[in-house]
Structures are given as structure tokens and as C-alpha cells.
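Structure, as C-alpha cells:
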Amino acid sequence: MTEQDTDWIGLMIGNSRLHWGYFRGQTLLACLDTPHLREPPSNEFLQQIFPKLLTNKCNCELVVASVVPSQKELWANYDNLRIITLKDIPLLDLYPTFGIDRALAVLGAGKKYGFPCLVIDAGTALTFTGVDGDKKLVGGAILPGLKVQLASLRERTAALPEVSLSERLPQMWAKETAEGIRSGIIYTILAGIEKFSREWLNLYPESGIILTGGDGDLIRDYWQEKAIKSLLVDETIIFQGIAAVKGISSGLIDKGEPI
Ligand SMILES: Nc1ncnc2c1ncn2[C@@H]1O[C@H](COP(=O)(O)OP(=O)(O)O)[C@@H](O)[C@H]1O
Ligand SMILES: CC(C)(COP(=O)(O)O)[C@@H](O)C(=O)NCCC(=O)O
Ligand SMILES: [K+]
């Protein structure tokens, strides 16, 4: 069996969830999200994640990237493990504490849509990550994600309740507490996305802007309701990034070659 048709699993450990991708060679066959683990996984665990694809008990390679050290450590005894670190990422000017999820997402987005590239990841945190046409990190920004913003108001105030988000845009000028919270959080996030996108396009007019992360679809729907130019949502860019790193290490992709 060649590298091109070997099955393997990519795992991105985020702060809220585990993001799984099942690959054959460089092709992503399936992806899904699960909660964090509470204990080290059993031998059958991976089969339970991909029961249709992983039919026999095989120790297929697990390629892991993580921004949560305690969750990564639970995999220490898996015998066919590869950990991706910033050293594996073929992008320039990364700083030492840069999040590996941001690096992989922008690598994957650039591989799929071209560089320069701006990624907006609406996950636990909401991040902006921009890379130029020479694959140099231009920089980015980090703010609390939708759920974290909602939770922090409830946790740090006496009177504000737990609020869930509706599928439709809230009233901007709310006359009710829950709607006021929804309005404040959603409209400032949309304004932030608009501002960062505009600034980015001033620098790189031809760049793609890719939205990803657990709240990506929701934000795209709000965005469309405001009738602003469409935002491209892609939940698979993180896996395109993992596949690029794996392809380089197995010689399928040359590190100097355009990815
Ligand atoms: N089933 C779910 N479980 C947890 N979060 C979810 C779920 N579906 C959507 N979300 C949203 O996803 C966001 C987290 O995004 P995600 O990309 O999973 O985070 P991370 O990559 O940081 O683990 C939360 O703000 C939450 O609103
Ligand atoms: C910013 C993040 C917390 C985002 O994590 P996520 O919301 O995707 O779970 C993560 O990328 C991280 O820990 N970054 C390190 C700091 C940095 O990127 O500058
Ligand atoms: K993420």
C-alpha cells in the first residue's frame, strides 16, 4: 500500500471540542466533532468515531494538533501517534506562542483557496489570521467567541441571565434584557468582522476570506440577513492544513512547492 491510499485520522483538539477527519491519502473522506475526552481512550475508541470507515481493529496513524495540553496528553499511549507542532508548518514569521489551530486553518485555507488568505475562526475564541502571498504571517487578532461572551456576562454580573441565540438577527435597539445581550454581542461581532475584512482587503484586494469554526454557519446566516457581500464558510480547512503537513512529511508534497 502506498502513502496515497493509506488511511489515517487527523485530530484537532480545540478548546470546546475535538475535530476529527478521516483521510485516505490526501483525500478527506469524513469529518465530525465530539466532546473532549474525560479519560484516556480505549483501543476501540477510533472505531467508535468512524464505525463505517474503520471496520477492523487497526492502529491507523493518528495525526494530532492541539491547543489543549491536558487533552493531548490523554493520547500519550496510542502507539501510532504523530503530533503536529509549529515547526511542521510551512508558513513564515510565525511567533512562538501562535496557536497551531490558527496555523493549520490558514495553511489549509491557503492551500485550497490560495494566498494571501484571511481566516476568521468562530470557535471558543474568535480569531482573525492573515497570511500574505509569500506565505508570511501578517498577523491577526483574538477575542472571546460567541458562547464565551454570552457565558461571561452571566458569570460576572448579578442580573444578567443565560441567553441562547436565535437563528434570526436580534433587534438592534432592544427593549428587553435577553434581546439586548443578543444585540450587543452579535452586532459588535459582525461589525468587527466587517472592519477586519475591510482592512484586510485594503492590503490584499484579491484575498479570499474564509469563515470556519463551530459558530461559522450561524455568523454567515446573520451576515447574509444584513445583505453584506457573501462570506465563504468552510469547516474542512483545518483538515486541509493537517493533510498538507502530512503530505510534506511523507514526501508527497515538496516543502518548497506551492501548497
Ligand atoms: N454541539 C456543539 N457543542 C459545542 N459547541 C457548539 C456545538 N455546535 C455549535 N457550537 C458552537 O461552537 C463554538 C465552538 O466552536 P468550535 O469550533 O467547536 O471550538 P473549538 O475549535 O475552540 O473547540 C461554540 O461557541 C458553540 O456556540
Ligand atoms: C486563540 C486560541 C485560544 C483559539 O482556540 P480555539 O478557540 O480554536 O479553541 C488558540 O489558537 C490559542 O491558544 N492560541 C495561542 C495564542 C495565539 O494564537 O497567539
Ligand atoms: K478552532
Side-chain angles (χ1 to χ4, degrees), residues 10-21 31-38 49 64-75 83-89 91-109 117-131 136-155 162-168 170 178 181-182 184-186 188-190 192-193 196 210-223 231 233-242 245:
L11 167 61
M12 177 68 234
I13 302 177
N15 281 285
S16 296
R17 292 190 283 179
L18 308 181
H19 310 288
W20 301 91
C31 57
L32 58 94
D33 303 316
T34 68
H36 281 169
L37 296 180
R38 272 175 279 164
I49 301 285
V64 179
S66 174
V67 290
V68 185
S70 59
Q71 281 290 309
K72 183 180 70 188
E73 279 153 22
L74 295 174
W75 290 94
I83 306 280
I84 297 180
T85 68
L86 285 183
K87 286 195 210 80
D88 300 307
I89 306 290
L91 295 174
L92 303 169
D93 287 3
L94 303 182
Y95 57 92
T97 61
F98 188 56
I100 189 74
D101 57 339
R102 300 176 65 192
L104 286 167
V106 78
L107 177 67
C117 186
L118 175 67
V119 169
I120 305 171
D121 185 346
T124 313
L126 194 150
T127 57
F128 296 90
T129 307
V131 166
K136 271 193 205 144
L137 176 68
V138 175
I142 304 170
L143 63 141
L146 274 180
K147 220 175 192 171
V148 174
Q149 293 199 26
L150 291 167
S152 66
L153 283 180
R154 174 177 48 77
E155 284 159 18
E162 169 105 49
V163 169
S164 59
L165 293 175
S166 47
E167 278 169 33
R168 306 297 306 270
I181 293 171
R182 284 192 277 266
I185 291 175
I186 291 164
T188 57
I189 284 191
L190 292 177
I193 290 175
F196 275 88
I210 316 300
L211 181 60
T212 194
D215 291 317
D217 284 330
L218 188 64
I219 289 177
R220 189 256 328 268
D221 292 348
Y222 290 147
W223 188 264
L231 267 179
V233 180
D234 192 330
E235 298 303 340
T236 71
I237 53 175
I238 194 83
F239 300 113
Q240 310 291 341
I242 292 176
V245 168

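We're numbering straight along the sequence, starting at 1. Each ligand, and each atom within it, is numbered from 1 in the order the structure gives.
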- Message: What I'd like to find out is whether the side chain of Tyr95 reaches to under 4.5 Å of the side chain of Leu86, using heavy atoms alone.
- Response: no

- Which of the numbered atoms in ligand 2 are below 4.0 angstrom from a heavy atom of Arg102? 11 (O), 17 (C), 18 (O), 19 (O)

- Pairing residues for Asp215 by the salt bridge (charged side-chain N to carboxylate O under 4.0 Å, His left out) criterion, not counting sequence neighbours: none

- Query: Does His36 reach the side chain of Leu18, with side-chain heavy atoms less than 4.5 Å apart?
  - Reply: yes

- Side-chain touch Leu165/Arg182, heavy atoms, less than 4.5 angstrom: yes

- Interfacing atoms of ligand 1 (cut-off 4.0 Å, heavy-atom, Gly213): 17 (O)

- Note on the structure: If we number the atoms of ligand 2 from 1 as shown, the ones under 4.0 Å from a heavy atom of Thr97 are 15 (C), 16 (C), 17 (C), 18 (O), 19 (O)

- Query: In ligand 2, which numbered atoms sit nearer than 4.0 Å to a non-hydrogen atom of Thr127?
  - Reply: 1 (C)

- Task: Would you indicate which of Asp101, Val67, Thr212 comes nearest to atom 4 (C) of ligand 2 when only heavy atoms are counted?
- Result: Asp101

- Under 3.5 Å: N/O of Leu146 near N/O of ligand 1: no

- Task: Apply side chain to side chain contact (heavy atoms under 4.5 Å, CB included) to the pair Thr85 and Asp88, showing each step before the final yes or no.
- Result: CA-CA 6 Å; Thr85 68; Asp88 300 307; 3.6 Å; yes

- Message: Quick check on contacts: which atoms of ligand 2 are under 4.0 angstrom from a heavy atom of Tyr95?
- Response: 17 (C), 18 (O), 19 (O)

- For Asp121 and ligand 1, does the shortest N/O to N/O distance drop below 3.5 Å? no

- Should you measure from each heavy atom of Thr124, which atoms of ligand 2 turn up under 4.0 Å away? 7 (O), 9 (O)

- Do Glu235 and Asp33 have side-chain heavy atoms sitting under 4.5 Å apart? no

- Message: Return the closest protein heavy atom for atom 26 (C) of ligand 1 as residue, atom name and distance.
- Response: Asp215 OD1, 3.5 Å

- Query: With a 4.5 Å heavy-atom cut-off, do Thr212 and Asp121 have their side chains touching?
  - Reply: yes

- Please could you name the atoms of ligand 1 that Asn15 approaches to less than 4.0 Å, counting only its heavy atoms? 20 (P), 22 (O), 23 (O)

- So, is Asn15 polar-close to ligand 2, with some N/O to N/O distance under 3.5 Å? yes

- Where the closest heavy atom to atom 19 (O) of ligand 1 is concerned, which of Ile238, Thr124, Leu18, Thr212 has it? Thr124

- Query: Which heavy atom of Ile49 sits nearest a heavy atom of Leu32, and at what distance?
  - Reply: O-CD2, 3.6 Å

- Note on the structure: Check: of Arg17, Gln71, Met12, His36, min heavy-atom distance to atom 5 (N) of ligand 1 comes from Arg17

- Query: Is the Trp75 ring parallel, tilted or perpendicular to the Trp20 ring (thresholds 30°, 60°)?
  - Reply: perpendicular

- Item | Heavy-atom side-chain proximity of Gln240 to Asp234 below 4.5 angstrom | no

- Side-chain heavy atoms of Ile185 within contact of Leu153, under 4.5 Å: yes

- Item | Polar atom proximity, Gly99 to ligand 2 (N or O, under 3.5 Å) | yes

- Query: How far is atom 21 (O) of ligand 1 from its nearest protein heavy atom, and which residue and atom is that?
  - Reply: His19 NE2, 2.8 Å

- Note on the structure: shortest atom 9 (C) of ligand 1-to-protein heavy-atom contact is with Gly214 O, 3.7 Å

- The one among Ala122, Gly214, Ala141, Ala125 that brings a heavy atom closest to atom 7 (O) of ligand 2: Ala125

- Message: If I consider every N, O or S atom in Asp121, which one ends up closest to the K ion (ligand 3)? I only need its name.
- Response: OD2

- Query: Does some side-chain heavy atom of Ile89 sit less than 4.5 Å from a side-chain heavy atom of Ile100?
  - Reply: yes

